[in-house]
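In what follows, every chain begins at residue 1, and chains take the letters A, B, ... in the order their sequences are listed.
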Amino acid sequence: MEKKFWILDLSAEKVKDEDEIWIWSIGEDGERAVLRVKVEGQRFYVVPKADPLEAARKISNISGVISAQVVEKRLFGEKVSAVEVLCKPSKIEDVSKAVKDLGTLYEDDLRLSVRFILDNDVKPASWYKCFVEQDGKGGNGVNCTYRLIRMEKTEELAAPKLRVVGLDFLYEPKIGTPIPERDPVVAISIARDDGIKRQFTGEEKSIIKAFIEEVEGYNPDVIVGYRLNTSHWPYLLIRAKKLGIKLEVGRLKTEPHQSVYGHFSIAGRINFDLKDYAREITELERGTLEELARFLGLPQPKLQLDEFLYPKYWKEDREKVLEYSMWRASASLSIFQTISDHIFTMSSITGVPPDYVFSAAAGYRLENYLMEAAVRIGELIPKPVERALPTYPGGKVLTPEKGIHENVAVIDFKAMYPSIMLKYNISPDTVKRAPCPKGFLFIEEAGTCIAQDRKGFFTEVLERAVKEREAVRDIMKKYPKDSREYRFLDAMQRTLKVLANAMYGYMGWTGARWYLREGAETVTALGRRTITEAIEKAKELGLKVVYGDTDSLFVKYDKEKVDKLLNWIERELGLEAKLEKIYKKVIFTEAKKKYAGLTIDNVLDLVGLEAVRGDWCKFAKDTQRVIADLLLRGASKDRVISVFRERITELRNKNVDLIDLVIWKQLAKRIDEYEVSAPHTVVAKELISEGWKVTKGDYIGFVVVKGKGPIHARSKHYSKVDIDEVDIDYYIEKQIVPVCARILNVIGLKEDSLLKIAKTAGMGLESFF
DNA sequence: GCGAGGTAATTACCT
DNA sequence: ACAGGTAATTACCTCGCG
C-alpha cells in the first residue's frame, strides 16, 4: 500500500543476524510507525595499486564479499578506476582488513545508517511517499510496523504535529554537585505540548516509575531538556539501575543508549539537548537556559537559581525550587517549539538526524552535506586524517583612524568568501601549489594555482546551494510573512546560507575529509586582494577610508560616491557589496576590532568593547555602555565625568548587587591542562575540592576580594562572597577605569586622570565638587 | 629579595 | 571539534641590583 510518512529518525538494527534499517516515522494521519528495510549489502571502494580487474577478481573471492566490480569514480577531481565492493554489513571490518593491501580504501568508515541515507537519498525530517507492506502490529509506542518497498520524496515541507515534552530533573546532593551513585532524584518536572504539566516529587523509585509511565502514556515524539546528554540521562540510568528499574523511555520499551557525538539516543524519539543548541548561538554569553529563553523572547523564571545556590534553597524554600524546575521544563518545551524549524531544516538538508544535528560540530554537519553531494556526483569520500596544524594568513584588518567621526558608512561585501570560491572555482580538487600546470590561474599572493578547465567539487556544491536558496526565497514570497510555510522556508534559506558560509572554514579545518590548506589560503589571499582594490577605488573616488576588516569598509559617507563604489565593485570585481549601515557618529579607539557607534536610527552599536564581552563584570560593562552612549549623543565632557563619578561613588558605597561584580570566565581546558594559575582555574580547583563538578566548557564566576598577593590568590567563587569582602579598589582600577578610559581617550581623558577623579569620588568629598 | 620589563598564557571577541 | 586576526589582562620569568 501507499502511505505518506515524515521521517523522525533512522537506526541500524540487528534482527536475528540480519541487518536492517528502521525508519521511525509519522504518517500524515498521525500514525507512528517503523518502516523496516533489510540491508543485504554495504558498499565501499578500493582504489587498487595494480590492475583494477585483477583486484576485483581477487576481492570477489574473499569471504563475506557479495560482489566486486570495477567502476569509474572521481578522486579529488581526477578520474580513477575503483573496485566497488559489496559485502554483508556485519562483515565490513573483516573484509576491509582483507583487502587493504590491494589499494586505498574509501567509504569503509561510514556507519550503516549513514550509508543508507547517502545511497537512497533519504533525508530525516522530510516527507516521503512510501510503498509499504504491513509487517506487524504496533504496541509500545508505535501503531504499526511495515516493510518498506520503496520511497519517494514529496514536496511537503513543515513537520507534522509532534508530541513534545520538556523535562527537568532535581537531585538532592549531600554536598556539592549531585553524584548519581550517592544522591537520589527528588523531583521530575514535565511540560507537555498539550498544556499539561506534571511534577513528580517524593520517594525516588515511585517518581522515576511515574515518569516512565508518563512517557509511555503520552508517547512523545520529542523529549527536550537542558543538559540531557551530559548530565540527566547518564545520571538517571545509574539511579534506575540502582533501584532495579529499567529506564524504558524509548519506543519498543528501550532504554536511552549512548551514541555518536556524545549524544544519547532514544529509540523512536527525538532526544534534543538544548545545551548543544545554546553553545552555537554567539549572542549568548554563557549558554544558560535562561539566556537562551531570553534570546528567543520567551519568559524568564521568577527566580534565577543556579546549581550553586540550589542546595541551599532546597533546604530553605522547596516550593521555589520546584517552581523553578517547572519553569525549566516549560521553557525547554517552548524553546524547542521556537527553534524546531531550524533543527528540522538543518537535519533535512544535511542528512544528520534531528536529535543530534546540533550535538555534532558545525564542520561535521557540513561534511555530511558534502558527502551527500559526493555520492551524487561520484566523488569518493576521503577519510579524515591526522594532520599538523600549520596556519596561513587570513583577512586584512586596517588600523582605524582613532577619534570621533561623523557620518560614516559601512560597506560590506556580501558573503565574500563563498563568492570568491565561486568566482575563482576554489575547491579541494582545483587548487595546487605553484608552479602552474597549463590552464591554471596563478594567484601570486598565495603562490597557488587554480584549475580553470573544469568545475570543482565545492563549486558544484556551492552553486547548487545558492540555486536552491534562491528557489526557496522565491517560493517564500508566495506566502504571508506570518504563515507557517513562510517561517519554515525562511529557516531553510538561512540554513543553506549557513552551510555555504562554512565552506571556506571547512576547507581550512585540518580535521576535514576535504581539507586543502592551499585552497583556504587562496580564498583569503583573494579576499585581501579584493578589499585592497576596493580601498584604492574608494580613495580614487574621493572617499575617505577610516577603517576596514576583512570584508568591510568604513568610509566618510557621500551617497553619490558610495553608490559609484558599489557599482564598481559589482561591475569590475564581479562581487556584490552593500551599504550595511550609516553611523551618525562613531568612536574608534586606538585598537582594531573595537568601536562604538550611533546609527542614523539612533541605535547604539558597541563592537568588540568590554561592554560586549562576557569576561568583564556587569557593573563595568554597564558603565562603559552609559559613557559611550552619552558621548555619542553629544553630552558634554563635564556631564560624562559626573556620570563616571556617580558610578564610582555607587561602587564605593557598595550600592551595587554582588552579582554585578562577578567576573565570568570559561574553563576552556581540562583543569589539569593549565600551565599557570589564573583566577578562574584556582577557583575551579577549589570548587572541585569541595565536591562540585566543574569541567571543561563550564563558566566560573568569581569576585576579587581584599587581601594580599596576585589576583588568583584572592578570587572567590561568587556563591561564597559577602559584599564587604570585595576589593573595591580592584574594581575601580582594573575594571571601571580602564573600560571608561577606552572610550574617553578620544576626548582627551586618559586613564590616569580618570583614576584621579575616581580617587576622590565617594570619599565623602562629593559636596566639594 | 625585589621591582622593572618583557613575554607567555589565557580568554573572548570580529569578520 | 569550520578559519585567521586582534586586544587585553594576568602570571611568570629574567635581569639587574653589588
Quick one: [X] [atom1] to [N] [atom2], roughly how many Å, whole number?
{"X": "A:Ile711", "N": "C:dT10", "atom1": "CD1", "atom2": "P", "answer": "5 Å"}
{"X": "A:Leu389", "N": "C:dC2", "atom1": "CG", "atom2": "C1'", "answer": "13 Å"}
{"X": "A:Met507", "N": "C:dA1", "atom1": "CE", "atom2": "C1'", "answer": "19 Å"}
{"X": "A:Met416", "N": "C:dA3", "atom1": "CE", "atom2": "C1'", "answer": "15 Å"}
{"X": "A:Glu367", "N": "C:dA1", "atom1": "CD", "atom2": "P", "answer": "14 Å"}
{"X": "A:Lys592", "N": "C:dT6", "atom1": "NZ", "atom2": "P", "answer": "4 Å"}
{"X": "A:Asp549", "N": "C:dA7", "atom1": "CG", "atom2": "P", "answer": "11 Å"}
{"X": "A:Gln735", "N": "C:dA8", "atom1": "CD", "atom2": "C1'", "answer": "12 Å"}

Checklist entry - Hey, does A:Asn229 have a side-chain heavy atom less than 4.5 Å from the side chain of A:Lys275? => result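 When only atoms from C-beta onward are counted, A:Asn229 and A:Lys275 do not touch, as no gap falls below 4.5 Å.
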Checklist entry - Does the side chain of A:Tyr674 reach to within under 4.5 Å of the side chain of A:His680, using non-hydrogen atoms? => result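 The answer is yes; the side chains approach within 4.5 Å.
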Item to check | A:His405 and A:Tyr583 aromatic centres sub-6.0 Å | outcome: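 A:His405 vs A:Tyr583: aromatic centres not under 6.0 Å.
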Give a yes/no answer on whether the side chain of [X] brings an N or O atom under 4.0 Å of OP1 or OP2 in [N].
{"X": "A:His680", "N": "B:dT10", "answer": "no"}
{"X": "A:Arg742", "N": "C:dA8", "answer": "yes"}
{"X": "A:Thr391", "N": "C:dG4", "answer": "yes"}
{"X": "A:Tyr674", "N": "C:dT10", "answer": "no"}

Could you tell me whether [X] contacts a base, only the sugar-phosphate backbone, or nothing, with contacts defined as non-hydrogen atoms closer than 4.0 Å?
{"X": "A:Lys396", "value": "nothing"}
{"X": "A:Tyr730", "value": "sugar-phosphate"}
{"X": "A:Ala520", "value": "nothing"}

Checklist entry - Where the side chain of A:Arg613 is defined as all heavy atoms beyond and including C-beta, which of C:dA8, B:dT11, B:dC14 is the nearest nucleotide? => result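 Looking only at side-chain atoms, A:Arg613 lies closest to B:dT11.
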Item to check | Worked check of side-chain hydrogen bond (donor to acceptor under 3.5 Å, both in side chains) between A:Asp273 and A:His263 | outcome: CA-CA 9 Å; A:Asp273 193 334; A:His263 154 263; over 6 Å; no
Checklist entry - Roughly how far apart, to the nearest Å, are C:dA1 and B:dT10 at atom P? => result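 Straight-line distance between the two P atoms is 15 Å.
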